[in-house]
Amino acid sequence: MPLSTQSQDSDAQYILVASLDNVRNISNILKAITFKDHAIFSATPNGLKVTVEDSKCLQANAFIQADIFQEFTIKGDSVGFQVNLTVLLDCLTIFGGSTVPGVSTALRMCYMGYGYPLTLFLEEGGVVTVCKINTQEPEEPIDFDFCSSNVTNKVILQSESLKEAFSELDMTSEVLQITMSPNQPYFRLSTFGNSGNAHYDYPKDSDMMELFQCTQTQTNRYKMSLLKPSTKALALSCKVSVRTDSRGFLSLQYLVRNDDGQICFVEYFCCPDEEVRDD
């Protein structure tokens with residue numbers, strides 16, 4: 001077991017210990033939500049939830065289940081702190097994030113509690129580096145009040161299909177318009193950029209569409225500047241769930257498989273820029 005040379009006695013002082021044989025299994029997920037410096041870490045016996053927000057309009061959450069770690073020990077029901085995510089990622093990739101087969105960086109992440117730094121022990125090829133990152137008291141994340149009972153429309157797509165759409169749409173557009181409907185065009189993405197208006201339609205019986213559940217026609221616009229950070233998660237993912245609720249709030253859930261084939265989730269919530277009403 002990597003980093004097993006660390007004394008187990010020293011673990012008694014920590015309220016959170018998480019170990020990974022391959023640091024890329026967490027660094028890749030964190031890169032998918034890195035669009036602001038600070039992140040709120042919330043640990044429970046189920047795993048880690050990492051939250052990043054922007055101007056009360058956008059929230060990204062990465063869910064890293066406890067069983068992805070080789071060791072995940074927490075004292076109490078929950079542990080929370082805030083750290084500089086950019087600094088954390090710099091530390092996690094201190095060995096260069098090797099992609100050479102058979103070569104990986106092991107991580108042991110330890111936290112002693114309020115006022116203490118987050119301590120990282122990173123080992124590659126017998127070399128151990130210790131990083132200590134200052135923590136802050138976590139802010140309360142925004143509650144977007146997005147609940148399943150209020151979801152009006154939902155589709156699940158193969159991520160490749162959404163990547164293709166973004167490559168064809170005009171990303172100079174200030175907004176992305178999303179139309180979801182039980183009738184044609186079913187699921188449509190629209191942009192209004194320098195080269196004119198562009199639409200990308202998905203038939204509900206498309207091979208790329210795994211699930212189509214639309215109960216009413218909704219057309220909403222979302223600021224492209226808010227959605228662009230989510231393309232990092234899209235690039236890593238194999239499936240994406242697109243949901244809207246009765247207020248037009250958007251949820252994008254990305255299913256991401258790590259290097260070991262285990263599944264993590266990244267979710268983005270985005271508030272609508274404006275609702276488009278048909279005359």
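For the numbers below, each heavy atom of this structure counts, side chains included, while hydrogens, waters and symmetry mates do not. Treat the numbers as computed from the prediction; the structure is a model and nothing was measured.
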Smallest separation among heavy atoms of Val52 and Ala39, with atom names: CG2-CB, 3.8 Å
Atom of Pro229, atom of Tyr268 and distance for their closest heavy-atom approach: O-OH, 3.2 Å
Nearest-0.5 Å distance that lies between atom CZ in Arg247 and atom CG in Asn220: 11.0 Å
Minimum heavy-atom distance between Cys271 and Tyr222, given as atom pair plus value: O-CD2, 3.6 Å
Heavy atoms of other groups near Lys75 NZ, more than 12 under 6.0 Å: yes
Positive for side-chain contact (heavy atoms from CB on, under 4.5 Å) with Leu92, one of Val23, Val87, Asn28, Thr105: Val23
Salt bridge flag under 4.0 Å for residues Glu267 and Lys49: no
Donor-acceptor side-chain pairing of Thr152 and Ser246 below 3.5 angstrom: no
Below 3.5 Å, can you tabulate the donor-acceptor pairs from side chains in residues 191-200 to any protein atom, sequence neighbours excluded?
unit_1, atom_1, unit_2, atom_2, d
Thr191, OG1, Asp170, N, 3.2
Ser195, OG, Asp170, OD2, 2.7
His199, ND1, Ser190, OG, 2.7
Tyr200, OH, Glu164, OE2, 2.8

Distance-only polar pair, side chains of Asp260 and Asn25, donor-acceptor under 3.5 Å: yes
Validation row, ring centre Tyr116 to ring centre Tyr111 under 6.0 Å: no
Approximate separation, where rounding is to 0.5 Å, of Ile29 CD1 and Ile68 CD1: 7.0 Å
CD/Glu139: more than 12 non-hydrogen atoms of other groups inside 6.0 Å: no
Nearest non-hydrogen partners of Met171 and Lys228, listed with the distance: O-NZ, 3.5 Å
Minimum heavy-atom distance Leu48-Ala43, with the two atoms named: CD2-CB, 3.7 Å
Intermediate values then yes/no, side-chain contact (heavy atoms from CB on, under 4.5 Å), Leu58 and Cys270: CA-CA 5 Å; Leu58 179 70; Cys270 185; 4.1 Å; yes
Phe187 ring center within less than 6.0 Å of Tyr202 ring center: yes
Carboxylate-amine/guanidinium proximity below 4.0 Å for Glu71 and Arg108: yes
Closest heavy-atom pair and its distance - Ala233, Tyr254: CB-CD1, 3.6 Å
For Gln158, the option from Lys163, Lys239, Glu210 that meets side-chain hydrogen bond (donor to acceptor under 3.5 Å, both in side chains): Glu210
Sequence neighbours excluded and cut-off under 3.5 Å, please list the side-chain donor-acceptor pairs for residues 140-149, or say none.
unit_1, atom_1, unit_2, atom_2, d
Asp143, OD1, Asp145, N, 2.8

Thr135: side-chain hydrogen bond (donor to acceptor under 3.5 Å, both in side chains) partners, not counting sequence neighbours: none
Gap between atom CG of Asp201 and atom CZ of Arg188 - 0.5 Å precision: 4.0 Å
Short side-chain donor-acceptor distance under 3.5 Å, Asn153 and Gln218: yes
Gap between atom CG of Asp245 and atom OG of Ser251 - 0.5 Å precision: 9.0 Å
Ion pair Lys223/Glu174, N-O distance below 4.0 Å: no
